[in-house]
Amino acid sequence: MVQEYKLLIGGESIDSSTGETFDDINPATLENLATVQVAGIEDVNRAVSAAEAGFRVWSEVPAPGRADVLFRAARILQERKEDLAVLMTEEMGKVLPEARGDVQEAIDITNYAAGEGRRMFGDTTTSELKDKFCMTVLRPIGVVGMITPWNFPIAIPSWKIMPALIAGNAVVFKPSSDTPLLAIKLVEILMEAGLPPGVVNIVPGPGGCVGKAIVQHPRISAVSFTGSLDTGKWIMEECAKTMKRVSLELGGKNPVIVMDDADLELALEGVLWGAFGTTGQRCTATSRLILHEKIKDEFIRRLVAKTKYLRVGNGLLPETDIGPVINKAQLDKIEKYVRIGKEEGATLLLGGNRADPGLPGYFFEPTIFTDVRQEMRIAQEEIFGPVLSIITVSDLDEAIEVANNTKYGLSSAIYTENIGNAFRAIKKIEAGITYVNAPTIGAEVHLPFGGIKGTGNGFREAGTEAIKEFTEVKAVYIDYSGRLQKAQIDIE
Ligand code: NAP
């Protein structure tokens, strides 16, 4: 018997108005893990009303008191880390050590956000007038809509929810339809930790209906979205109609440059991990390898040899390096891009086919293309699977030009032993993140995370920047002179 999950609104588990359910499928085995009720527009309205009530209570709790709830949630997450990680591998396929990392990231951001409960600094500054005091304070935004993808099923929701909560907001949350269970577990943990009813409400269901209702809702003040560029663009346009704040974390086409002076063994490990970790399904995944021509042949030979050893299979098994991709649509998309790559004239060096580890799920071989030109679609479009495109260059300037020749700007990396090359890359690569002698994946929660160009609209998650995403800044002037003082006029 698979369990059926309801909506969580106003602190209660309630039936959805639609009477419909959807299945939560294990992408490795195609077993149904759970059925989940589909929220409808009426449920989004209920969730917004509950969030408004929750906001009235929560925004009055002093921030250190809000932090207490988050610290408790972090402890519960820690206690359940292994169970949550196993469930994650079952729900979306990533190998167990990576699933543990995903939960750890949630624990880290929860503790970090809780710590902000005793910071959230404003500024004090001077006034141009006598006996006048000036400062800024941070205020919560109100009810925030959150829409998340499936590739970090607990970390990404936590990156959004925890900073929003510490700042005093209430949340209406629509998780990906591929990973509703982890999202429900996260909200349950927050409630168990003592979050007042209505402060976080969860409405699973299709993006085109539930997500759309959140984006268009007149009483939701801000939307925080992580997902694809196309959905993000649509959300930005819609949010403009109701003047909502919208923060977008979108796709990537992340380059790693390997120079002729690099430690090749280190670079090999980094490229393997960046390209094929999480089956290439990270927004920061290495999808373009930009190789200096002098080391090209040797590097490719060693890369192919190492990639051949990667084992595709069920992420729960310790011998597995690469789990399944998330669903049939994603598998079809990867196959389509392999076809496109061949048609464009790139050389398929390795992989290119569905893999068969003896399970019925959605497996794909780690795939490497070489002789890729920068204008090819496989060098420009996000594939979101275990596919690496290799482009050869003759010097650093060309490498940086290739790295920047994309509509995205999320992560990037350079392997070099030359400090000048490293700093030139840091200065010139158009991306929100640059790693030196490390892969394109591996963000830490106390640094800002996000990208430029088609990857985002200027906000950053994690770090202290996350607080900015979920607060309004108010300027406060306190005049204790006892007389009318006119700024810009009564100056001596
Ligand atoms: P997606 O198809 O855009 O979906 C993301 C979320 O948006 C899901 O919850 C989806 O719901 C919902 N959605 C779909 N259409 C919608 C609409 N019209 N209105 C409102 N919500 C809608 O992306 P995905 O395939 O889940 O995730 C992969 C993408 O996320 C990649 O491009 C990846 O690079 C990006 N990503 C970016 C970051 C970052 O921080 N920059 C991090 C992780 C992932 P359903 O699930 O019901 O369709």
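Counting starts at 1 for both ligands and their atoms, following the listed order. Keep in mind it's a predicted model, so treat the numbers as computed, not measured.
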Legend entry - Electrostatic pair Lys328-Asp332, nearest N-O below 4.0 angstrom: yes
Inset, instruction - Answer with yes or no whether the side chains of Gln380 and Lys253 bring together a donor and an acceptor at under 3.5 Å. - result: no
Inset, instruction - Just let me know how Ile147 lines up against ligand 1, side chain, backbone, both or neither, with a heavy-atom cut-off below 4.0 Å. - result: side chain
Inset, instruction - Name the option, out of Gly207, Ala285, Gly451, that contains the heavy atom nearest to atom 17 (C) of ligand 1. - result: Gly207
Inset, instruction - Indicate whether any N or O donor in one side chain lies under 3.5 Å from an N or O acceptor in the other, for Thr286 and Thr440. - result: yes
Inset, instruction - If you have a sec, work out which protein heavy atom is nearest atom 41 (N) of ligand 1 and how many Å separate them, to one decimal? - result: Leu250 O, 2.7 Å
Inset, instruction - Could you say whether the N/O atoms of Lys174 and ligand 1 ever approach to under 3.5 Å? - result: yes
Inset, instruction - For atom NZ of Lys233, decide whether the heavy atoms of other residues, nucleotides or ligands shown that lie under 6.0 angstrom number more than 12. - result: no
Inset, instruction - Give a yes/no verdict on whether any heavy atom in Gly205 is under 4.0 Å from an atom of ligand 1. - result: yes
Inset, instruction - Could you tell me whether Lys212 atom NZ has more than 12 heavy atoms of other residues or ligands within 6.0 Å of it? - result: no
Inset, instruction - For Glu192, look at atom CD and say whether over 12 heavy atoms of other residues, nucleotides or ligands are found less than 6.0 Å away. - result: yes
Legend entry - Ligand-side contact atoms (ligand 1) for residue partner Gly211, heavy atom cut-off under 4.0 Å: 19 (N), 20 (C), 21 (N)
Inset, instruction - Output the list of atoms in ligand 1 that are nearer than 4.0 Å to some heavy atom of Pro206, sorted by atom number. - result: 47 (O)
Legend entry - Enclosure of Arg139 CZ (heavy-atom neighbours >12, cutoff 6.0 Å): no
Legend entry - Side chain proximity check, Val402 to Pro255, heavy atoms < 4.5 angstrom: no
Inset, instruction - Answer yes or no: does an N/O atom from Thr226 fall short of 3.5 Å to an N/O atom of ligand 1? - result: no
Legend entry - Whether over 12 other heavy atoms sit under 6.0 Å from Glu4 CD: yes
Legend entry - Closest candidate by heavy atom, reference atom 35 (C) of ligand 1, pool Pro149, Gly251, Gly227: Gly227
Legend entry - atom 7 (O) of ligand 1: any protein heavy atom closer than 4.0 Å: yes
Inset, instruction - Please identify which atoms of ligand 1 are closer than 4.0 Å to at least one heavy atom of Pro175. - result: 9 (O)
Legend entry - Atoms in ligand 1 with a heavy atom of Trp234 nearer than 4.0 Å: 18 (N), 19 (N)
Legend entry - Which residue and heavy atom of the protein sit nearest atom 42 (C) of ligand 1, plus the separation: Cys283 SG, 2.9 Å
Legend entry - Neighbour count above 12 (heavy atom, 6.0 Å) for Lys428 NZ: no
Inset, instruction - Write down the atom of Leu77, the atom of Leu84, and the distance for their closest heavy-atom approach. - result: CD2-CD1, 3.8 Å
Legend entry - Glu444 CD: over 12 foreign heavy atoms closer than 6.0 Å: no
Inset, instruction - Can you pull out the closest protein heavy atom to atom 40 (O) of ligand 1? Residue, atom name and distance to 0.1 Å, please. - result: Phe449 CE2, 3.1 Å
Inset, instruction - List every atom of ligand 1 that sits less than 4.0 Å from any heavy atom of Ser177, numbering the atoms from 1 in the order shown and giving each element. - result: 45 (P), 46 (O), 47 (O)
Inset, instruction - Please confirm whether Gly450 comes under 4.0 Å of ligand 1, counting heavy atoms of the residue only. - result: no
Inset, instruction - May I ask you to identify the nearest protein heavy atom to atom 28 (C) of ligand 1, giving residue, atom name and distance to one decimal place in Å? - result: Phe384 CE2, 3.6 Å
Legend entry - Pair Phe384 + Trp150: ring centers closer than 6.0 Å: yes
Legend entry - Residue portion contacting ligand 1 (non-hydrogen atoms closer than 4.0 Å) for Glu382: side chain
Inset, instruction - Report yes if some heavy atom in the side chain of Phe364 is under 4.5 Å from a heavy atom in the side chain of Gln330; otherwise report no. - result: no
Inset, instruction - Please could you name the atoms of ligand 1 that Ile156 approaches to less than 4.0 Å, counting only its heavy atoms? - result: 42 (C), 43 (C)
Legend entry - Thr148, portion touching ligand 1 at heavy-atom distance under 4.0 Å: backbone
Inset, instruction - Ignoring hydrogens and angles, state whether a donor on the side chain of Asp108 or His446 is under 3.5 Å from an acceptor on the partner side chain. - result: no
Inset, instruction - For Phe152 and ligand 1, answer yes if some heavy atom of the residue is under 4.0 Å from a ligand atom, otherwise no. - result: no
Legend entry - Nearest non-hydrogen protein atom, atom 16 (C) of ligand 1: Thr231 CG2, 3.4 Å
Inset, instruction - Output the list of atoms in ligand 1 that are nearer than 4.0 Å to some heavy atom of Asn151, sorted by atom number. - result: 43 (C), 44 (C)
Inset, instruction - May I ask you to check whether Ser228 has an N/O atom sitting below 3.5 Å from an N/O atom of ligand 1? - result: yes
Inset, instruction - Run the numbers for me: atoms of ligand 1, each under 4.0 Å from some heavy atom of Trp150, listed by number. - result: 24 (P), 25 (O), 26 (O), 27 (O)
